[in-house]
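What follows is a single structure, written as structure tokens, with notes after it.
Just the heavy atoms: all of them, side chains too, but no hydrogens, waters or symmetry mates, feed the values below.
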Amino acid sequence: MFERISLTLKMTLITVVVGVLVSGILGYMYSKNLKFLLNEQLKERLGKQAINNRSVFDRHIIGYHQSVVLLTAIGDFLSYVRKVDWSNETPVINHTEIPEWLPKTTVLRLMADFDYALLFDSRRRLRESYCEQSATVPQALANPDHVLFMHSHDQSFLTLIDKIPYVVASEDVTDKTGAIIATLMIATPLDDDFLISVTGSTESDNTVALIMGKNPVIVASSKPGQLPSGTSVQSLKDGYVFTGKSFLDYGETDVRITFASLISTEDVRKLRQHISTASLRMRLISESALIMSFMLIMLFITRRIGSLSKRIVGFLRDNLGFIDTINLRGDQLYVLENRYQLLADEILSYKEDIKKAREELETKVMERTLELTTINERLSTEITERKHAELAIKESGKKYRRLVELAQEGIWVIDETAVTTFVNQRMADMLGYTVGEMTGRSALEFMDEDWQKKLQSNLERRKQGIKEQHDFELIRKDGTKIHTINASSPIFDENGNYEGSITLAADITERKKAEDTLKKSLREKDLLLREIHHRVKNNLQVVSALIGLQMEYVGEKIYKDMFLESKNRIRSIALVHEKLYRSKGLAEIDINEYVVNLTDELLRSLGFDKKQITLTLDIENIPIGIDVAIPCGLIINELFANVLKHAFPDGRSGEIMIGIHSLSGEAVESDLTTASAESANKEEGVNALAGNEVELVVRDNGIGFPSGVDFKKTKSLGLHIVVILVKQIGGTIELNNQNGTEFIIRFNRQFA
């Protein structure tokens, strides 16, 4: 009975029995260790995720200080804070678009994200702010105290602003002396958006949350839909597992925020189910592999038996003419031997079918060959069109190169190491080389040592993306030097990597020579004008000396006084030319120094003791043009001499004040003048002077000007000269006769 059972069935039964035994043993071993493996895997997975989350968070926070340092080191930012004029009246500027003191968006993407960028002046007052969302800057950031500046400097600092945790970082910008000229501060709240940007996704099963407070609540999470701000931690104990808890403490702050990684119990259940399923799958795979191995062995043996049976039956039939009459009932060996004959019959019956199929295949091959021939013709046509396009591109390249070669400016391209990669013919001709001689050589070889240092500095700016126009001095092949004006731009690849720079150069040697000649001519003319002023001063001093000699031969005092007055007037004019001769510029003089010297000369020449007269000079440092300086000096000379002669008779002591002030173009009236002044310009009207108006005041506390006397019609030559000179410079004059005498004169310091 057993012998008639199929050989395949026998082998299958053996394989199944062995598989069941092995499966039972393996199932027992897996079930025994499954819980331990699940707990260990869950612990390891959550622990690694928590460490990774905290590491990413720490790098993001530390990156704030690194970002603010990089921002304050950018050349455009430094140039802006050094040139900007922040006066006390300037309002705070709130930007919603990226301001010019921040880099472009492509650069900002490489730095830490921030909500607020605040720019403070040297006194730590907010001058400009940037917030892309147009949000109002919190008061604690707009007016930060000293503690916030101190803690946020040189580190990323956590603090509470309006009960919301913020990360803040700042950096000072100093001048060459080390004085602070500006401070940049960046800040952002630690909210849901911040954690989402740090973790990068809201889809993972792991959740990151920031917890704060005595009764801990969530202030931010990477999944605000599941764990919104304000959620009590106590309410989450049944639904979540906390892992990787740690305390955040950046800087010297009392803010304590717990950084926690959480996973819901539902996710843990799914994880365990996933691991159990995977474990069962592995066990089934191993068991199936074992069963399949036995099955393969069985199939191998069966096939070997079948192959042997076929060879024996075929030999008997083909060579001996034996006809198989064995009953098909039996094991597989018997069945295989008899089925061989059936298969042979079938093979013969399919012979004609195979022949027909081969004829149909040949027909299809011919049709396919015809299709391929048509496709090949189309490809040939497309290749021809592509060649025409390539020729057109080459022709366009030739036109472009011809345009470069015919350009009037020199074109010079160097790589990142300053090696020449291309010059056009014009550039080579400017330096006396051929294009081949310049290509491949360093640009440093075509200039002296000083200009090499300047080139190195320029190349550093090119690497920073700065374009600029500048002069340069190059050395030709024959050793002569030429001056060029250059326009240089950096070259970057598609990934933003610096590849070199391109420069357009024009020869300005002849223009430089013309400029040097012009400067030399101007220096010579300046020396000539100074010499003229010096000689005029000397000649006037000679005239003054001659008048002094003549005075020695005059007996009557009235005539001596007349000669002395003329001498003093000439001296005042000579003093103007002396100041011009010694001044840095030839168009204006320093009126302050001039009045000091003039009053000293008058006191000395008129024989007054400085202890008798108290002289007060209140004079702004106002430069006055030569056309006004001489009349102004004569006016001061006459008024001051008139005070010394008449204000303090009988050896009285007194005070004299001379003041000169700029009125900044406004019509200013002194209180003394409006009290009871005799206005000397009622007939003439007030001269409408522009922003160069100057007020000259000569005041004393002497006996005062005689009442009832019009100073414009007096017989005094000095006052007559004063009135004439005031008209000459287009000014106005007023007299105030209270508590002494006060003359007020207004005029334009650049009157033409």
Nearest heavy-atom approach of Pro103 to Ile74 is CG-CD1, 3.7 Å
Can you find a heavy atom in the side chain of [X] that is under 4.5 Å from one in the side chain of [Y]?
X: Val726; Y: Thr732; result: no
X: Thr484; Y: Met430; result: yes
X: Pro189; Y: Asp115; result: yes
X: Leu190; Y: Ile61; result: yes
X: Ile729; Y: Asn748; result: no
X: Tyr166; Y: Pro138; result: yes
X: Ser501; Y: Ile414; result: yes
X: Gln452; Y: Asp448; result: no

Using atom types as modelled and distance alone, determine if a side-chain donor or acceptor of [X] lies under 3.5 Å from a backbone N or O of [Y].
X: Ser442; Y: Glu445; answer: no
X: Ser489; Y: Lys467; answer: no
X: Thr72; Y: Val69; answer: yes
X: Ser197; Y: Phe194; answer: yes
X: Thr420; Y: Arg441; answer: yes
X: Asn424; Y: Ile411; answer: yes
X: Gln155; Y: His151; answer: yes

Under a 3.5 Å cutoff, is there a donor and acceptor pairing between the side chains of [X] and [Y]?
X: His661; Y: Asp618; result: yes
X: Gln425; Y: Asp429; result: yes
X: Asp415; Y: Thr421; result: no
X: Asn486; Y: Ser488; result: no
X: Arg461; Y: Ser457; result: yes

From the list Thr159, Leu158, Ile62, side-chain contact (heavy atoms from CB on, under 4.5 Å) with Val167 holds only for Leu158
Between Ile660 and the options Val698, Val595, Ile745, the side-chain contact (heavy atoms from CB on, under 4.5 Å) test singles out Val595
Q. Hey, is Asp145 close enough to Arg124 for a salt bridge, meaning N to O under 4.0 Å?
A. no
**Asked** So does Lys463 pair up with Glu416, basic N to acidic O under 4.0 Å?
**Response** no
Output, in order, the C-alpha distance, side-chain angles, deciding distance and verdict of salt bridge (Lys or Arg N to Asp or Glu O under 4.0 Å) for Asp121 and Arg123. CA-CA 5 Å; Asp121 61 13; Arg123 297 173 61 186; over 6 Å; no
Which of parallel (below 30°), tilted (30 to 60°) and perpendicular (above 60°) describes Trp101 and Tyr80? tilted
In this structure, CD of Glu128 is separated from CD of Glu100 (nearest 0.5 Å) by 7.5 Å
Separation between OG1 (Thr599) and CD1 (Ile636), nearest 0.5 Å, reads 9.0 Å
| Between Phe157 and Tyr64, does the ring centroid distance fall short of 6.0 Å? | no
Under 6.0 Å between ring centres: does that hold for Phe472 and Trp412?
no
Does Arg125 make a cation-pi contact with Phe120 (under 6.0 Å, within 45 degrees of the axis)?
no
Practice item. Decide yes or no on side-chain hydrogen bond (donor to acceptor under 3.5 Å, both in side chains) for Arg59 and Ser55, but give the supporting numbers first. Key: CA-CA 6 Å; Arg59 287 198 302 271; Ser55 176; 2.8 Å; yes
